[in-house]
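The next block holds one structure in the form of structure tokens; read it before the comments.
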Number of protein chains: 2
Amino acid sequence: MTADSLPPHTLMIRKLASIFSLTDEEQKALLGLPIEVVALKAGQDIVRIGDRPAHCCLILEGFTCVYKLTSEGERQIMALHVPGDIPDLQSLHLKVLDHSIAPVSACMVGFIQHDDLRQLCERYPRLTAAFWRETLIDASIFREWLLNNGQRESYTRVAHLICEFRMRLNAVGLADNDTFELPVTQSELADATGMSLVHMNRVLQALRSDGLIQSNRTQITVPDWEKLKQAGDFDPLYLHLEKNPAA
Amino acid sequence: MTADSLPPHTLMIRKLASIFSLTDEEQKALLGLPIEVVALKAGQDIVRIGDRPAHCCLILEGFTCVYKLTSEGERQIMALHVPGDIPDLQSLHLKVLDHSIAPVSACMVGFIQHDDLRQLCERYPRLTAAFWRETLIDASIFREWLLNNGQRESYTRVAHLICEFRMRLNAVGLADNDTFELPVTQSELADATGMSLVHMNRVLQALRSDGLIQSNRTQITVPDWEKLKQAGDFDPLYLHLEKNPAA
DNA sequence: CGAATCGTTGATGAGATTCAATAGCAGTGG
DNA sequence: CCACTGCTATTGAATCTCATCAACGATTCG
């Protein structure tokens with residue numbers, strides 16, 4: 001997907017620019033950000049709750065999840081991030097991390113030093129606004145997940161989640177023809193929706209047999225977008241994907 | 001609680017200053033913000049999903065809730081805000097509101113124009129950071145609610161929520177001797193935790209009979225804080241209440 | 001003193017969890 | 001190339017938490 005010849009900043013810039021008009025100078029400044037690229041396997045934490053990181057982490061390839069554990073060891077996945085996202089951008093202003101982040105598939109991430117980001121924000125106040133806005137959209141997605149997990153029945157809930165992925169991957173150009181990679185296990189989907197693994201499996205089967213999705217291992221096809229949207233009670237307003245003219 | 005002689009900005013400033021050192025000049029600048037004070041009854045929305053407000057709303061007295069409805073009409077309360085909070089600070093950078101806000105008790109709110117806030121932020125970049133940080137803490141609370149509602153059983157879940165209120169009200173000086181006002185109906189608590197009203201009622205009874213809380217109508221007493229904390233699997237890390245030296 | 005809202009209680013059933021076992025599909029190393 | 005290992009997906013059965021329905025006190029307020 002991400003051509004190797006492109007700089008690692010590409011998707012981040014594309015995403016910022018898609019909702020927030022950036023000047024050439026601002027784009028150039030972003031491209032100047034030093035990024036340390038690292039490859040990671042699923043299972044090893046990128047950062048951990050309680051850490052005080054000095055850098056942020058930009059997803060280049062693969063998916064990551066934000067999660068926490070209860071004292072009983074139950075895992076809740078609060079967010080799944082896709083290429084172009086910065087899952088811990090908040091650590092710029094919250095010293096102690098209140099959650100962990102781990103890859104859900106093998107992935108490439110780029111580390112950006114807080115100091116570099118801060119200097120950038122000082123020089124380009126509109127980039128401050130753009131980054132702030134990114135964290136606000138994250139928060140909006142948390143709210144929608146609260147609604148989804150708290151009030152919608154499991155069938156609708158899972159449909160909604162798939163709708164969200166489809167929209168978000170589309171926004172960064174990672175979904176073609178209503179088909180997209182979703183390298184997330186059923187166990188992870190279950191922990192994201194507050195359902196048991198067994199139940200998630202059965203709901204996915206129901207969605208398949210109703211013709212709302214087709215899926216092999218890591219790929220999902222949505223034959224009828226309107227139908228899935230309706231089944232998932234999905235309104236993309238909360239993703240705030242429309243262009244926002246300068247603040 | 002809030003003495004009438006104090007300017008409406010008092011709690012907001014106290015809250016910002018408690019986690020973020022403010023210079024005298026910055027405090028003075030905050031005090032200069034024009035605020036339009038309005039009294040509201042429970043039940044009437046302050047702002048509504050889809051709105052494009054030109055101002056933010058500062059809670060002066062009483063509680064408000066952030067909520068959304070599913071297409072079935074089920075309400076999820078995503079957040080409860082207490083005096084000193086600005087529940088829609090995000091509208092500064094997200095034009096279209098993705099949720100509604102309503103008082104849960106009679107309350108006083110102060111409206112602050114976006115333009116005034118923006119000018120303030122331009123002049124005092126550290127205030128930008130402070131406000132940004134406020135929105136990040138909101139997001140952190142959303143994450144904890146996702147964990148709480150998704151993974152903890154109802155008894156623990158409710159205990160956790162009460163712990164959170166106790167800490168947050170303490171932080172703005174609205175809890176004395178482990179007793180505090182909680183003008184929130186059981187129906188609202190149920191919608192905040194994704195439980196049914198009937199079940200919420202029974203869990204509260206269980207908490208009372210276990211001696212973890214005492215409550216008459218709108219007031220809650222926590223006789224043994226450590227015990228409640230343990231029952232609620234509560235770790236205040238996510239509230240980010242410790243002081244953050246300048247960014 | 002109605003009217004409305006909130007809190008409480010009992011009975012019943014559905015949705016979801018848990019336990020347990022099996023099947024499928026990598027990747028690894030001999 | 002194949003046995004071995006580990007992870008993911010699938011299935012069935014038993015159980016339980018929690019929601020729903022319906023009714024009845026209790027409290028507040030105009």
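Letters A, B, ... are given to chains in the order of the sequence lines, protein chains preceding strands, and every chain is numbered from 1.
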Within this structure, what is the CG-to-P distance between A/L207 and D/dA9, rounded to whole angstrom? 15 Å

Relative to the ring of A/F63, is the ring of A/F165 parallel (under 30°), tilted (30 to 60°) or perpendicular (over 60°)?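 Ring orientation of A/F165 relative to A/F63: tilted.
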
Using only side-chain N and O atoms of A/Q205, determine if any of them is under 4.0 Å from OP1 or OP2 of D/dA9. no

Taking only the side-chain nitrogens and oxygens of A/N201, find out if one of them lies under 4.0 Å from OP1 or OP2 of D/dA9. no

With sequence neighbours excluded, tell me which residues meet salt bridge (Lys or Arg N to Asp or Glu O under 4.0 Å) with A/D235.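 None.
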
Would you grab the first and last nucleotide of DNA chain C (5' to 3') that comes under 4.0 Å of any non-hydrogen atom in chain A? C/dA16 to C/dC25

[X] and [Y]: side-chain donor and acceptor closer than 3.5 Å?
X      : Y      : answer
A/R152 : B/Q76  : no
B/S140 : A/D98  : yes
A/E164 : A/Y238 : yes
A/T218 : A/E181 : yes
B/H240 : B/E134 : no

Closest heavy-atom contact between B/L80 and B/C65?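 Reported closest heavy-atom pair: CD2-CB, 3.6 Å.
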
Specify the residue among A/V203 and B/E188 whose closest nucleotide of DNA chain C lies further upstream toward the 5′ end.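 By nearest-heavy-atom nucleotide position, the 5'-most residue is B/E188.
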
Pick out the pairs of N or O atoms, protein on one side and nucleotides 17-19 of chain D on the other, that lie under 3.5 Å.
| residue | atom | partner | partner atom | Å |
| --- | --- | --- | --- | --- |
| D/dC18 | OP2 | B/S154 | OG | 3.1 |
| D/dC18 | OP2 | B/H199 | NE2 | 3.4 |
| D/dA19 | OP1 | B/G194 | O | 3.4 |
| D/dA19 | OP1 | B/S196 | N | 3.1 |
| D/dA19 | OP2 | B/S196 | N | 3.1 |
| D/dA19 | OP2 | B/S196 | OG | 3.1 |

